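Here the structure is laid out as structure tokens; the discussion comes afterwards.
Fair warning: this is a prediction, and the values are worked out from it, not measured in the lab.
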Amino acid sequence: GKQDPLWGFEFPAREEVARQAAACRESAALASAAGEAELAAGARFLAQWMDVFERYAFVLEQRDAARRKEGVAGLMAAVDGLRPARDAWVARLPLVDYHRRIAAKEFDNLLAVFETIRSGPPPAVKAEVEALSAAERQGGVVVAPLSNAWRFRADPRKEGADKGWAGGAEGAGWAVVRSDTGAGWESQGFAGYVGVAWYRQAFSTPRAVAARKHAYLYFGGVDEDAEVFVDGKPAFAHNDKTTGLAPGATWNVPFCFDAKALLKPGAESVIAVRVFNRAGMGGVWQPAFLVACDAEVSAQGIREFLAGRGR
């Protein structure tokens, strides 16, 4: 599992959540057959709760705007359906009314977090998206995807920096993994590996970038800590220290930085990412893009902008 910044606790992969939901439904049926009404109500409630998390994981995985919108609708319908189950479960808790009210309030606080998904991005992010969309219609935005096929090498001895893996000649011993599968290195031939690993690729910067004020390198998701290099030079770090999030909580938080001073329009650069993963899938698991424009924008603005144009 991964620590999701929306919730602040370990969030299992969608497949694991689906397995847990099925187990809860089976438990509910067994408890009901045995005449254990309280246990059955609790199991049904947990099954619905797991269904909400499965739908939330689905939304996080979507890169297509239409499918994401459909997923959000299903998620919020499941959230709304949780409240009656909450009432039935709380009513059966062996607690006094005061403690029942506390339990209900804490649960409602969790559900309220999902309202940020229902309401969409905050006004500042919406303004960025509108500005980017308007500029693109006038030819003022350059969007160039990085390749989803990355060269990959595990670095259990943490020697990659000293050996020049951030730039220069690649050498032997590199595999190929992808960033468009919604999964990291663990399911691409490196199961069970945790620690440091490197991603790198050659990227040709479009000439049109020269006319724009900013050239943002955007990463949709890196699990977990990321250090980005351009032609061997440290460019940006995304981790608990730079974000203020808990260790590991950056795994599905997009990030970007202005690489205009490091990239060479019309020429090729080596983009490398040193990843440190504590548990789970590990690595660059969402596509990366170069977005060049004149406006200052955030990673959230770029994410919504890309989703709106279907990437």
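The salt bridge (Lys or Arg N to Asp or Glu O under 4.0 Å) contacts involving residues 131-149 comprise Glu136-Arg309, where partners must be two or more places apart or lie in separate chains.
A salt bridge is absent between Asp51 and Arg25: the closest approach of a Lys/Arg side-chain nitrogen to an acidic carboxylate oxygen does not fall below 4.0 angstrom. With salt bridges taken as basic N to acidic carboxylate O contacts below 4.0 Å, none links Lys213 and Asp294.
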| said: Go through it in stages, so that I can follow the logic: the residues are Tyr218 and Leu306, the test is side chain to side chain contact (heavy atoms under 4.5 Å, CB included), and I'd like the CA-CA distance, side-chain angles, deciding distance and then a yes or no. | reply: CA-CA 10 Å; Tyr218 166 86; Leu306 293 173; 3.8 Å; yes
| task | Given side chain to side chain contact (heavy atoms under 4.5 Å, CB included), test Val297 with Phe305 step by step and report yes or no. | result | CA-CA 10 Å; Val297 294; Phe305 167 69; over 6 Å; no
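No more than 12 heavy atoms of other residues, nucleotides or ligands sit less than 6.0 Å from atom CD of Glu26.
Scored by the side-chain contact (heavy atoms from CB on, under 4.5 Å) test, Pro156 finds Ala154, Tyr193 as partners (sequence neighbours excluded). Applying the side-chain contact (heavy atoms from CB on, under 4.5 Å) test to Val196 and every residue at least two apart in sequence or in another chain returns Asp155, Lys158, Trp198, Arg274, Phe276. For Leu262, the side-chain contact (heavy atoms from CB on, under 4.5 Å) partners at least two apart in sequence or on another chain are Val230, Lys233, Ala235. Applying the side-chain hydrogen bond (donor to acceptor under 3.5 Å, both in side chains) criterion to Asp231, with sequence neighbours excluded, gives Lys264, Ser269. For Phe219, the ring-ring contact (aromatic ring centres under 6.0 Å, His included) partners two or more places apart in sequence, or in a different chain, are Phe255.
Taken from OG1 in Thr181 to CG in Asn148, the straight-line distance is 9.0 Å, to the nearest 0.5 Å. The CG atom of Leu290 sits 11.5 Å away from the OG atom of Ser204 when rounded to the nearest 0.5 Å. Atom CH2 of Trp174 sits about 6.0 Å away from atom CH2 of Trp165, to the nearest 0.5 Å. Distance check, rounded to the nearest 0.5 Å: NZ of Lys260 to NE2 of His214 gives 8.5 Å. Rounding to the nearest 0.5 Å places CD of Glu268 at 12.0 Å from CG of Leu263. The line from CG of Leu217 to CZ of Phe289 is 12.0 Å long, rounded to the nearest 0.5 Å.
Side chain to side chain, Ser179 and Gln286 fail the donor-acceptor criterion of an N or O pair below 3.5 Å.
Using the six-membered ring where Trp is involved, Phe152 and Tyr199 have ring planes that are perpendicular, over 60° apart on the 30 and 60° scheme.
Less than 6.0 angstrom separates the ring centroid of Trp285 from the ring centroid of Trp251.
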